[in-house]
Amino acid sequence: MPTLNLFTNLPVDAVIASDILKDATKAVAKIIGKPESYVMILLNGGVPIAFAGTEAPAAYGELISIGGLGPSVNGKLSSTIAEILQTKLSIDSDRFYIKFYDSPDQTELVQSTLAKFRPCLCF
């Protein structure tokens, strides 16, 4: 499930928040190639942020996904989310920073771990 956490130091009213959530959901799903029903977006407004030594309008994001990320995709996501924030909140793209986390498929990890587990029958 791709999850995008967005933080901004600007207050975000309900109408703008709804627009950002919809636009970001569509963008993440399309660019990563996963259904919108798997995408989660969290938007936190009014968060104290200092970026480049000032408290001017800024935003920070973290995108976590199990697969689907890489240099090309990350670049497209970064510019698209920056464009949404510029359009909806007037945050300049040079005042936005995003980190990407490509998590391994946890199903394989759990299956691998369980396969190695050997119960101890100690008497």
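Note: hydrogens, waters and symmetry copies are ignored here, and every other heavy atom, side chains too, is used.
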- Taking all heavy atoms of Ser65 and all of Gly67, pick out the closest pair and write down the distance.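 For Ser65 and Gly67, the tightest heavy-atom pair comes out as OG-O, 2.6 Å.
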Quick one: name the residues clustered hydrophobically with [X], using the 4.5 Å side-chain heavy-atom rule over I, L, V, M, F, W, Y, and just say none if it's on its own.
| X | result |
| --- | --- |
| Val47 | Phe7, Ile49, Phe51, Tyr60, Tyr97 |
| Met40 | Met1, Leu42 |
| Tyr38 | none |

- Query: Can you check whether Val12 reaches Leu43 side chain to side chain, under 4.5 Å on heavy atoms?
  - Reply: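 Yes, at least one pair of side-chain atoms sits under 4.5 Å.
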- Task: Report whether Ile64 and Val73 are members of the same hydrophobic cluster (ILVMFWY, side-chain heavy atoms less than 4.5 Å apart, transitive linking).
- Result: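 In one cluster: no.
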- Sequence neighbours excluded, which residues qualify as side-chain hydrogen bond (donor to acceptor under 3.5 Å, both in side chains) partners of Thr54?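 Once residues adjacent in sequence are excluded, the partners of Thr54 under the side-chain hydrogen bond (donor to acceptor under 3.5 Å, both in side chains) criterion are Arg95.
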Please list, one pair per line, the donor and acceptor atoms closer than 3.5 Å that link side chains of residues 21-36 to other protein atoms, with sequence neighbours excluded.
residue : atom : partner : partner atom : Å
Thr25   : OG1  : Leu21   : O            : 2.7
Lys34   : NZ   : Ile66   : O            : 2.5

- Query: Is the backbone of Ala50 close enough, under 3.5 Å, to the side chain of Asn9 for a donor and an acceptor to pair up by distance?
  - Reply: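 Not a single qualifying donor-acceptor pair exists.
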- Enter the distance from Tyr101:OH to Leu69:CG here, rounded to the nearest 0.5 Å.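 Rounded to the nearest 0.5 Å, the OH-CG separation comes out at 12.0 Å.
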- Message: How long is the straight-line distance from CD1 of Ile41 back to OG1 of Thr3, given to the nearest 0.5 Å?
- Response: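 Taking OG1 in Thr3 and CD1 in Ile41, the distance rounds to 8.0 Å.
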Scan the side chains in residues 80-94 for donor-acceptor partners under 3.5 Å anywhere in the protein, sequence neighbours excluded, and list what turns up.
residue : atom : partner : partner atom : Å
Thr80   : OG1  : Lys76   : O            : 2.7
Thr87   : OG1  : Glu83   : O            : 2.9

- Task: Please determine which of Asn74, Leu77, Leu4 meets the side-chain contact (heavy atoms from CB on, under 4.5 Å) test together with Ile98.
- Result: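 Result: among Asn74, Leu77, Leu4, Leu4 is the only option passing the side-chain contact (heavy atoms from CB on, under 4.5 Å) with Ile98.
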